[in-house]
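Accompanying notes for the structure given below.
Chain A is the first sequence line, chain B the second, and so forth, proteins listed ahead of strands; every chain is numbered from 1. Keep in mind the model is a prediction, meaning the values are calculated, not measured.
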Protein chains: 2
Amino acid sequence: MNDSRPIRAKSGTNHEGTSAHNRRVMIDALRINGALSRADLARATRLTKQTVSNIIEELERDGLVSSQEAVRKGRGQPSTPYGLVPEGAFAIGLQIDRHVTRAVAVDLVGSVLVRDESGLPPGGPSSGTRVILDLVAGVRSKLAGIVQQSEKRLVGLGAAMPGPFGVAGSGDDPWMMEAWQKFPLLETLSAGTGLDVGLQNDAAAAATAERMVGAAHGLDHAVCLFVGYGIGAGLILNGDLYRGTNGNAGEIGMALLFADGKSTPLEHRASLASLYQHLSVDPADPHLHARINDLALKGDQSIHAWVEAAAVDLRWSIHLIETLFDPQTVILCGSAPEALVSRLIAAIGPLLPSIAERRGRTLPRLQPGMADPWSVALGAAAGPISRAFDPRFAAILKDSLQS
Amino acid sequence: MNDSRPIRAKSGTNHEGTSAHNRRVMIDALRINGALSRADLARATRLTKQTVSNIIEELERDGLVSSQEAVRKGRGQPSTPYGLVPEGAFAIGLQIDRHVTRAVAVDLVGSVLVRDESGLPPGGPSSGTRVILDLVAGVRSKLAGIVQQSEKRLVGLGAAMPGPFGVAGSGDDPWMMEAWQKFPLLETLSAGTGLDVGLQNDAAAAATAERMVGAAHGLDHAVCLFVGYGIGAGLILNGDLYRGTNGNAGEIGMALLFADGKSTPLEHRASLASLYQHLSVDPADPHLHARINDLALKGDQSIHAWVEAAAVDLRWSIHLIETLFDPQTVILCGSAPEALVSRLIAAIGPLLPSIAERRGRTLPRLQPGMADPWSVALGAAAGPISRAFDPRFAAILKDSLQS
DNA sequence: GTAATAAGTCAAGACAATTGACTTAATAAG
DNA sequence: CTTATTAAGTCAATTGTCTTGACTTATTAC
């Protein structure tokens, strides 16, 4: 009678969607190219000078862009470049890791203004939530002390934690943070902060960070191979983070190394967890990061052995990523100590032959990314900023225009 | 002085982009849900009744949709459903394979109206081009004989051939159609037919076909694992075919099976090419398809051995695809004989544990797709239709609105 | 000093979605 | 059988946003 299966359709768009898109395109252009004149923007975006003028005026009113000194370049009226105003927007980024949680406040151009961290008590979410909310509140108030009106310009809170999310058979895998996985984190954070909250896995956050201020800046197709406690890939496809059906795309750590089905996942061989095991050290040791950095610098034998073994697997991972995603470049990043990452990169080369070997390449196939303990938190913060200001298909649709 | 590096920016949009998007959204909704009333469309797309009415009127004038018998469903004025008109648009699909080329004419809803094939002479593009252009011309004129005004409603020619495209080191790989790779195929086809021409690899074409009329219908995230002469994956991500930087995304056939770097690519073990080699048969034999189908049905020992071996690799490939892309489902399709594909599917199960194992799954992790020698040509034709009528980000941008 | 060039503004116009009142056509209820 | 209710769909005016073409401003080239 009433055939009640729901009708599936994509959302339409309207004038506001058009306008929202064009605003985002301007911001994106300024982010990629630096300050530009309205005439340049008009040419680059294919919009008319008039439209660009109107949008820039509006963005200036909103405090997102500002004019700079006029520049003369040949004949004609000098142009007035407009650039992004760093203080135009802020976001809080939160990294929840095994033994520690970090929070940062980041501005529109990706500068970290405030950073703070706390140890996470072993009790899981029940006790951890308090610590996290306090940390976020602290960062938020420090930000408010540095810049005025920061609360008004806060676009959201981005959280990052190790994935995968919501997987059925994960209970018996000691590498995962099971209790956190089951916890209604988004709701708790949202209720506890009153902010829009987004969640991504740590590799995705690293990719988001690289896209905003790192090696993937301005690229539309880039994959970040993130070596942390686990290992994952953050996917920038078509200029946007790709999340997959359940936000688990890129979980390369769970990829099996051999086709026979009896092998171990990549994560057990090329990750900090595997290094800690190899070295028989306690992952909870707060000085571990520095100690491993020292050891790596000194050319420690045990570390060397792990690096050589991991490099084999990473080389294969990069080959696989190139083969499946055909990106412009692969970026190796991680929360690993810097010295370790550079040893890894050295040990990985030369890369395996792949479809990425083309005549006329300009970008290197593999680039080092950030190797900074704070990069995941930065990427977590970059998430809300990207959602708010970067051009994306979803942003033109009516069902995303409530704000 | 004049800093002449080009300014990179995304294109803006305007009213026409809005309108184009909304038209596409309507068509997409009708394709996924079947005929719908204007009121239903308005609710589903979040547009107003009035807007929907205007767009539908325009689409009806353009011959893309038509009204059906009014239906009463409870109180209120009966609704008038509108459905896609199959004859609203056509496309030609062309498959270029090693020893044969196939062409089809397909309508708006993906029905194949005309099909024809020719053997490809071994001389490569120099002699093959003539054969192909004749084939296309034949299909085109047969289409014109069946439906009126077909030429006016022809949106383009889609070509599909084995990838990868434009790769540097490919010269020494006997599995590739090297001469065709180097040939300016798009230009030649475009000049020879006067049509808009698109090119994708055969796995991408298979995925496009599955999306239009097969197991991926209405899905936003699906991966087609295509077993043909080679093996590749066609990627539907965010509701659109993902091509990567150079159209080579998904070339899983080139993935190495072991991390040690000395192993063979997947293609050498799980593809029809590997089967032919295993059986020591001539790939150019025109009756091969039927013969292998017979052998598979009879439970031939040699085929069984290959199936068992290939299934191991395919099981791993599916695991890998699930791990990296997090799709709603994986579809196994191919130009392989149907009996062979069903034996493969039987031998592949059960699947390896992966992030795809979730509570609340509704779709199977692995589904059989089309196993039809014509499915690649169909997918090739579906390409231009999708580009012309499906909602996509690129379609709203000013730089895509010249047509 | 004048012409050429380019940036940017102004005001009117065009386009497409929105709004709110209205019409039409059916069923449910009394 | 009549009337109220509900839902589909239309009409006409309005709104929001980009476009158009003429104009102004500021600079360099000749």
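With salt bridges taken as basic N to acidic carboxylate O contacts below 4.0 Å, none links A/D240 and A/R211. Under 4.0 Å is where a charged nitrogen must lie from a carboxylate oxygen, and between A/D220 and B/K10 at least one such pair does. A salt bridge links A/R43 to A/D40: one of the charged nitrogens lies within less than 4.0 Å of a carboxylate oxygen.
Contact annotation for B/T51: base contact, defined as any heavy-atom pair under 4.0 Å involving a base atom. A/S79 comes within 4.0 angstrom of sugar-phosphate atoms only, judged by non-hydrogen atoms across all strands, and of no base. No engagement by A/R23 is indicated, since no non-hydrogen atom pair under 4.0 Å with the nucleic acid exists. Across all strands, B/N54 comes closer than 4.0 Å to no nucleic acid atom at all (heavy-atom distances).
Other residues, nucleotides and ligands place no more than 12 heavy atoms under 6.0 Å from the CD atom of A/Q148. Counting heavy-atom neighbours within 6.0 Å of B/D196 CG, excluding the residue itself, gives a total of 12 or less.
Looking at A/N54 and A/Q50, their side chains do bring a donor and an acceptor atom within 3.5 Å of each other.
Between A/G76 and B/R38, the residue whose closest nucleotide on DNA chain D is further toward the 5' end is B/R38.
A centroid separation of 6.0 Å or more is found between the aromatic rings of A/H221 and A/Y242.
In this structure, B/M26 atom CE and C/dA16 atom P are separated by 14 Å, rounded to whole Å.
Between the two ends of the helix from C/dG1-D/dC30 to C/dG30-D/dC1, each summarised by a five-pair axis, the helix axis turns through 0° (rounded to 10 degrees).
In terms of phosphate contacts, A/K398 brings no side-chain nitrogen or oxygen within less than 4.0 Å of OP1 or OP2 of C/dA17. Within the structure, a side-chain polar atom (N or O) of B/T48 is placed less than 4.0 Å from OP1 or OP2 of C/dT18. Dashed line: the shortest gap from a side-chain N or O of B/N22 to OP1 or OP2 of C/dA16 is not under 4.0 Å.
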For this session: Show the numbers, then the answer: is there a ring-ring contact (aromatic ring centres under 6.0 Å, His included) between A/H21 and A/F393?
Result: CA-CA 8 Å; A/H21 172 74; A/F393 195 18; 9.6 Å; no
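For the pairing with A/F90, the side-chain contact (heavy atoms from CB on, under 4.5 Å) check across A/L113, A/V155, A/I385 returns one residue only, A/L113.
Side-chain atoms of A/H15 stay outside donor-acceptor range of the base of C/dA17, with no qualifying N/O pair under 3.5 Å.
Using a 4.0 Å cutoff to heavy atoms of chain B, the contacted part of DNA chain D runs 5' to 3' from D/dT5 to D/dT19.
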